[in-house]
**Q** 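I'd like to ask you about the structure that follows.
Source: prediction; values computed, not measured. So that the names make sense, note that chain A is the first sequence line, chain B the second, and so on, each numbered from 1.
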Number of protein chains: 2
Amino acid sequence: MDQPDRPQPADGPAEGTPLRRRGKALEAAIFEAALDQLTSGGFARMTMEGVAGAAQTGKAALYRRWASKADLVMDALVAAMPPPADFPDLGSAEAELRQVVHGYIEVLNSRIGAAVRTLMGELDHERAELFKGFLHERVIEPTTEGILGILRRGEARGDVRRGAAVPMVADVLPAMLLYRARVCVGMIEEDFCEELLGRVLLPMIRP
Amino acid sequence: MDQPDRPQPADGPAEGTPLRRRGKALEAAIFEAALDQLTSGGFARMTMEGVAGAAQTGKAALYRRWASKADLVMDALVAAMPPPADFPDLGSAEAELRQVVHGYIEVLNSRIGAAVRTLMGELDHERAELFKGFLHERVIEPTTEGILGILRRGEARGDVRRGAAVPMVADVLPAMLLYRARVCVGMIEEDFCEELLGRVLLPMIRP
DNA sequence: CCGATAGTGAACGCAACCGTCTTTTAGGGT
DNA sequence: ACCCTAAAAGACGGTTGCGTTCACTATCGG
């Protein structure tokens, strides 16, 4: 039952590469290391020493910028966050939901997606208060609102049943993606998308 | 951004109560403390010292029984786990799903439910390997199989659409419960049950 | 080239926790 | 009452990481 208790060191620059970076380049490396350490071990197990080591820099360089681990994580999240997703009118709720699912699968399979997923999994820990606001404003609520928009349009168009444009229905998509990410190993495959649409989402909203 | 970094001490026996317990009574107190510490801070932040303190015992008493923190958590989970849920034939998929949702809400609002929820949230951390087998065998798969049984009966009976008796559909219920538990503060209320049924589950499976 | 400054690497004292050990105490059984 | 033994309490040496400091070095801009 004894396993290493720390996130694994991330791969750093290749050997022979000049190691001293300044300013933005160093920050990018630090952010990358921070998100990776966060993902592989959770917030508690992520350490400033680990991040510094993975970014091949010194702790002093981290503490010159950030007072705490949480400050660093928050800045790393903000820096890596993609722009808000679009939820354009594609003429059918099915096409729109398919695009959303594809988009979210792509994000979840990315570094920032994995980090967000980790924090979502820790939302009910006491330290999650640190990130709750960010996750609600930048992840949870935009997702729900965007899908709600699709459902409203669908209701008006007629390809979504009346009464479906509510947050509970909008939350099924993110809930299923997170559950799938939790329960199964590895990346979410694209065929998951078609099954989620065909078995769950479209039957649920059909008129 | 500085907050306490450890789970809060659980309430122990009242002052003046004799503190020395032996055997099963002490183990029960230790298990309770372990699950509470696990829930409030996650696996990483739970410590043997914290558990010992919350159970008002000494570390030596813990180490006499369990070689490691993970061993303790596993035994605490096994001891606290309710018997497998029943999924009886109630004559309609609606009634059956309502009973399941009620049952799971009740479990999720309990100590063992909160602990399981915490571990579900950490399933993709490296240390989650320790509990993955347990969670799959005792939580995830029984849930999916039980709901699948309901869906199959419903298909045969005619109140569930053809093609709905698949794991993807069966996973919507636990996925939504976990998402709700993650995203919203506090206990899951019973009116959540009716909305989940009325807006999501029944529309999704209706013929 | 030179000066300013950020980065590097090492070291430091401290806190928290681990796992172990010892002495004392008290609960349970006979 | 007596005895056995598990539990309580405290201490210990070791490890890890924190946050800080310092001397040196590399980089950038003038």
**Q** Output the rounded distance in Å from CE (B:M48) to P (D:dA7).
**A**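 Atom CE in B:M48 sits about 14 Å away from atom P in D:dA7.
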**Q** What is the distance from NZ of B:K24 to P of C:dG28, rounded to the nearest Å?
**A**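 Answer to the nearest Å: 15 Å.
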**Q** Specify the separation, in whole Å, of atom CE of B:M46 and atom C1' of C:dC18.
**A**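 Rounding to the nearest Å, CE of B:M46 and C1' of C:dC18 are 13 Å apart.
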**Q** Which is true for B:G50 with a 4.0 Å heavy-atom rule: it touches a base, it touches only sugar-phosphate, or it touches nothing?
**A**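 If one applies the 4.0 Å heavy-atom cut-off, B:G50 turns out to touch nothing in the nucleic acid.
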**Q** Who are the side-chain contact (heavy atoms from CB on, under 4.5 Å) partners of A:R65, not counting sequence neighbours?
**A**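 Once residues adjacent in sequence are excluded, the partners of A:R65 under the side-chain contact (heavy atoms from CB on, under 4.5 Å) criterion are A:L26, A:E27, A:A61.
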**Q** Quick one: OG on B:S92 to CZ on B:R98, what's the gap to the nearest 0.5 Å?
**A**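 Going from the OG atom of B:S92 to the CZ atom of B:R98 covers 8.0 Å.
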**Q** Tell me the interatomic distance from B:W66, atom CH2, to C:dC18, atom C1', rounded to whole angstroms.
**A**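 These atoms are roughly 17 Å apart.
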**Q** I need the CZ-C1' distance between B:R45 and C:dC18, as an integer number of Å.
**A**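 In whole Å, C:dC18 C1' and B:R45 CZ are 18 Å from each other.
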**Q** How far does CD1 of B:I30 sit from CG of B:L62, to the nearest 0.5 angstrom?
**A**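 Separation between the atoms: 4.5 Å.
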**Q** If every non-hydrogen atom of A:Y63 is compared with every non-hydrogen atom of A:M48, which pair is closest and at what distance?
**A**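 For A:Y63 and A:M48, the tightest heavy-atom pair comes out as OH-CG, 3.4 Å.
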**Q** Give, for atom NZ of A:K132 and atom CE of A:M120, the distance between the pair rounded to the nearest 0.5 Å.
**A**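 Here the interatomic distance stands at 10.5 Å.
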**Q** Which whole-number value in Å describes the distance from A:R65 CZ to C:dA6 P?
**A**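 Answer to the nearest Å: 9 Å.
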**Q** Take the protein atom OH of A:Y63 and the nucleotide atom P of C:dT8, then report the distance between them rounded to whole Å.
**A**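 Going from A:Y63 (OH) to C:dT8 (P), I get 16 Å.
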**Q** Return all side-chain donor-acceptor pairs below 3.5 angstrom for residues 75-90 of chain A, not counting sequence neighbours, or 'none' if the list is empty.
**A**
| residue | atom | partner | partner atom | Å |
| --- | --- | --- | --- | --- |
| A:D75 | OD2 | A:W66 | NE1 | 2.8 |
| A:D89 | OD1 | A:G91 | N | 2.9 |
| A:D89 | OD1 | A:R157 | NH2 | 2.9 |

**Q** D:dA6 phosphate, OP1 or OP2: any side-chain N/O from B:R64 under 4.0 angstrom?
**A**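 Checking D:dA6 against B:R64, a side-chain N or O does come within under 4.0 Å of OP1 or OP2.
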**Q** With each end axis built from five pairs of C1' atoms, what bend angle do you get for the helix from C:dC1-D:dG30 to C:dT30-D:dA1? Round to 10°.
**A**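 About 30° separates the two local helix axes.
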**Q** Donor-acceptor pairs under 3.5 angstrom involving side-chain atoms of residues 139-151 of chain A: please list them, not counting sequence neighbours.
**A**
| residue | atom | partner | partner atom | Å |
| --- | --- | --- | --- | --- |
| A:E141 | OE2 | A:H136 | ND1 | 3.4 |
| A:T143 | OG1 | A:Y104 | OH | 3.0 |
| A:T143 | OG1 | A:V139 | O | 2.6 |
| A:T144 | OG1 | A:I140 | O | 3.1 |
| A:T144 | OG1 | A:D171 | OD1 | 2.9 |

**Q** Do nucleotides 21-26 of chain D as a string where each nucleotide becomes B, S or -: B if the base has a protein heavy atom under 4.0 Å, S if just the sugar-phosphate does, - if no protein is that close.
**A** B---BS
**Q** Show the atom names and distances, to 0.1 Å, of all donor-acceptor pairs under 3.5 Å that link a side chain in residues 112-119 of chain A to residues at least two apart or in another chain.
**A**
| residue | atom | partner | partner atom | Å |
| --- | --- | --- | --- | --- |
| A:R117 | NE | B:D124 | OD2 | 3.1 |
| A:R117 | NH2 | B:D124 | OD2 | 3.3 |
| A:T118 | OG1 | A:A114 | O | 3.1 |

**Q** What are the two closest non-hydrogen atoms of A:M204 and B:P203, and how far apart are they?
**A**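 Heavy-atom minimum between the residues: O-CB, 3.6 Å.
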**Q** Measure from NZ on A:K69 to P on D:dC18 and round the result to the nearest Å.
**A**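 Going from A:K69 (NZ) to D:dC18 (P), I get 7 Å.
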